[in-house]
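Below is one structure; the comments refer to it alone.
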Amino acid sequence: MSQAATITRANERQEAESKTLFGFWVYLMTDCVLFASLFATFAVLRGNTFGGPTGDQLFSLPFVLIETLVLLTSSYTAGLGLLAARRRAKTQVLVFFGLTMLLGIFFLTMELTEFHKLYVEGDSWRRSGFLSAFFTLVGTHGLHITSGLIWMAVMLYKVAKGGLNHVNVKRLTMLSMFWHFLDIIWIFIFTIVYLVGVAG
Amino acid sequence: MLGRLSWHALPHDTVTRGGAASMVLAALLIFGYLLYTKRLGWLWREWLTSLDPKKIGVMYIVVAVVMLLRGAADAALMRTQQATNAHFLSANHFQQIFSAHGTIMIFFVAMGLMFGLINLIMPLQIGARDVAFPFLNSAAFWLFAAGMLLVNLSLIIGEFSAAGWLAYPPLSEIAYSPGVGVDYWIWALQIAGVGSLLSGINFLVTILRMRRPGMTLMKMPLFSWSVLCSMVLVIFAFPILTATLGMLALDRTLGMHFFTAGGGGNAMMYVNLIWAWGHPEVYILILPAFGVFSEVVATFSRKPIFGYTSMVWALIAITFLSYTVWLHHFFTMGAGADVNAFFGIMTMVIAIPTGVKIFNWLFTMYRGRIKFATPMLWFLGFVVTFSVGGMAGVMMAVPAIDFQVHNSLFLVAHFHTMIVGGVVFGFFAGLTYWFPKIFGFTLNERLGRYAFWCWFVGFLTAFIPLYILGLMGATRRLNNYDPSLGWQGLFIVAAIGAAIIFAGIGFQILQLGYSIWKRNENRVSGDPWNGRTLEWSTTSPPPSYNFAALTPVDSRDAFWELKKTKQAEKPAYEDIQLPKNSGVGIFIALFAFIFGFGAVWHIWWLLPIGLVGVISCIVGRASQGGTEYRLSAKKVAAMEAEA
Amino acid sequence: MNKVVAAHHEVDPGSPRSYTAGFVLSIVLTVAAYLIADQQRASGWTLIYIVVGLAVVQLFVQLVFFLHLGRGSRSRWNLTAAAFAAMVVLILVMGSLWIMKHLNYSHDSLSPQQLNQNIVKDEGIKPSNY
């Protein structure tokens, strides 16, 4: 292939990658609106405890703070992982995204522990409108995290096996965008569900 | 093992049995015909697994037309019962019919025709070869088809929702609708809705990133502009539907209390959310219809559209304002004067840009050399009908008036006027306008005219009585009206109108069949209407790659300018990459269908199968190399030469 | 060829320093909000404004430092899409709260007398006795 053709192919590929990243960004915007619907419902049903417990009776702020810092750290490590991918530093990519995955699993475990505790004491999603909204909003975020972790596992495998070709780098870019987005959503869950729920 | 599925799920009464049987028979006949003529393989290769938006567009329209027949049958049943004051439809059955009618018409006919037209025409119009994400396009179509399948299946196994096309709680909650009907409704729409959302993203990125070099946004044709704005609405409204349907499903399946009558639920929040989606939805449908009219009026007046810039700004204004009016669907729910006043005023404001558009179309016609081809007739029918319906809408924007006519037949007449007179007429105009481009031969004009007049006269005959009945106090969604009210005459007129519409549909079917039969005598060039925009610059039908060369453009109505300067330069051919066919989209939809079916019938073990299936398909497709094939420049040149 | 591709990156990919700055800022904002709530330094609407305000600041921090929004020439449509999303989110959440609050005459934990008072005040009408 001639030099000119190589550059054309590179530009085509650049263009295609740019289009895909933009499309993924637009998808993230739709996810914002999905979460907004759940936030709006939570805000409306906040007081509908139907004689059951309120937020301040159920949530432990120190616990949630740790969850939050864990997820935040995982967002940071994901960012460092992406930088490594751009530099084509394969081992660092595996380390950073591996770390991100571990932190993500830790976050999810903490969240499931909280859910389980509520469930066994009888304060499940069936107890009241407030709790339905709580479990759904936080649970939808948790489902997104789970999807992200599955995606991360697949990417770790692909990078380990196939290296950092342009397709994998493009996908790692989207994955880290997704992961940062989930941390941003969590900021608002932390604030509106937990902080305001307990102290408001 | 099989949840709540049993032999009892098969239809019990004659009417339902008749409907189910005819549907199954039709499907078997078609399948049998394909099997007999050994065309199943051809269907799979040429159509079902194609990633060409021109093929996908045709498939959308086929599904939409099939569903139009089903929705029209529902209408026929309702009109007949009310005109004759018969009782062959029990109350519950009648409720299922109007619920199915609305659901089918909006989600599968209107959305289907819209996505079909967009697939067929938008990439051509912006001078592109394909959409941004061809595989996603296919997957989105098949998800739409899966939703359609669930709705149709409910006629054979189980029942459909009897809670209206929007399934308000508490009626749609498990306590008051314990059967499978509402669940079918939820999952059909949830699956089809994901398809719509994916298409919204796809088409938005296509328009923003794949226009012909030189085609700035302000040089882009108005149909594509209307698609851009409509897709913005899809992207930011459909997630609300996904969330809301999800919450209703959680209430019904996991015993949650979002919208239940007790337990701390708030049914009114559902109404609020569903209309926060529902209002943008109706603009999603109408904007592309407006876009069609802009193209049709300009072409058949042989003038550039009047006020292009104001048309664009009107579209943008409508897009923003769509998110500020939704409460007008529930003025009577009791939000009080302040809230109602705000939304009432915004509703009146949003009528203004629409008015601007109508005047601009009329000004385009002024001093034009008008050709009254069928597409133009649909436009003229639209102007009359839509304006009448629009005025009824502005009336109802006043909360005090709305309190009188909310949920009456006046409302029903209004929204049918908008959707039939606006959306359906618009898409018929688009289909008749662009049919020669897609299929390479014209539709018979005379039969098209007969179809139009039947639809136009039929529609007015069917719905003006409903405006009158509504003003006289007739409530909607009643299976019978007491004859002592003296309304029978108007219902009879309405039924006659419906019959005239069916004659119109008959003429359309006749037109299609006749035109196909006579196609060889009616082949056309790339530009049968002396068009103005880029889709007419390629052959009819276009080659798989749309355009051999992506020559830059530098003006609005790019093709008109090209024709004037008569550029006959020989373009330099280049290699073209196109997506290979893929059946993975079909499998994604199949697994989604399995998930939905399991959720409806409480066959819980089907759910993980569906979920894992979808994920595996996605991962599998993502791991597939070699998903494209290359047409060498030499091959392109050869294909161009023989065209 | 890698150099050709890298030079045309759509978005400034950032550096370890910018990610670290974003990380540290986010920690500070998170802990600050936590302390205010946990130690009950504010309550009611004051608390809501403060912690939500801190959350919004952290949103922007992460948008800029982690998601690189606003940097780079090609991200103009990203910004536009985000702005439109923000508008829809605000309208949906604030609009729903406004509407639902006004609908809440019958769902609040108000006594019948309070209910009547609210109706008279807002609507200017006297509800009939039932």
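Side-chain atoms are counted along with the backbone in the values below, which use heavy atoms only and exclude waters and symmetry mates. Here is the naming used below: chain letters follow the sequence lines, and residue numbers restart at 1 for every chain.
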Side chain, backbone, both or neither: which part of B/F236 has a non-hydrogen atom closer than 4.5 Å to chain A? both

Which bit of B/I618 is near chain A, if near means a heavy-atom gap under 4.5 Å: side chain, backbone, both or neither? neither

How about A/W186 and A/F107: are their ring centroids closer than 6.0 Å? yes

Name the option with the most non-hydrogen atom pairs under 4.5 Å to chain A; the candidates are B/L241, B/L254, B/V619. B/L254

Below 4.5 Å from any heavy atom of chain A, which atoms of B/T260 appear? Answer side chain, backbone, both or neither. neither

Turns out that what part of B/L204 lies under 4.5 Å from chain A's heavy atoms comes down to side chain

Is A/A40 close to chain B through its backbone or its side chain, or both, or neither, when contacts mean heavy atoms under 4.5 Å? both

Step-by-step ring-ring contact (aromatic ring centres under 6.0 Å, His included) determination, A/H144 to A/F35: CA-CA 11 Å; A/H144 278 76; A/F35 277 107; 5.0 Å; yes

Which atoms of A/T20 come close to chain B, meaning under 4.5 Å heavy atom to heavy atom: side chain ones, backbone ones, both, or neither? both

Mind listing the closest non-hydrogen atom pair of B/R630 and B/D575 along with its distance? NH1-CB, 3.4 Å

Can you find a heavy atom in the side chain of A/F42 that is under 4.5 Å from one in the side chain of A/L38? no

Looking only at B/G262, B/A622, B/S623, the option with the highest number of non-hydrogen pairs under 4.5 Å against chain A is B/A622

Aromatic ring centroids of A/F59 and A/F134 under 6.0 Å? yes

Please flag which part of B/L250 lies under 4.5 Å from any non-hydrogen atom of chain A: side chain, backbone, both or neither. side chain

Are any of the side-chain heavy atoms of A/H166 and A/R13 separated by less than 4.5 Å? yes

Whatever's closer than 4.5 Å to a heavy atom in chain A on B/L273 counts as side chain

Step through it carefully: locate the ring centre of B/H279, locate the ring centre of B/W326, and say whether they are under 6.0 Å apart. no

Highest number of heavy-atom pairs under 4.5 Å with chain B: which of A/V26, A/L131, A/L45, A/T30? A/T30

Ring centres under 6.0 angstrom apart (A/Y27, A/F24): yes

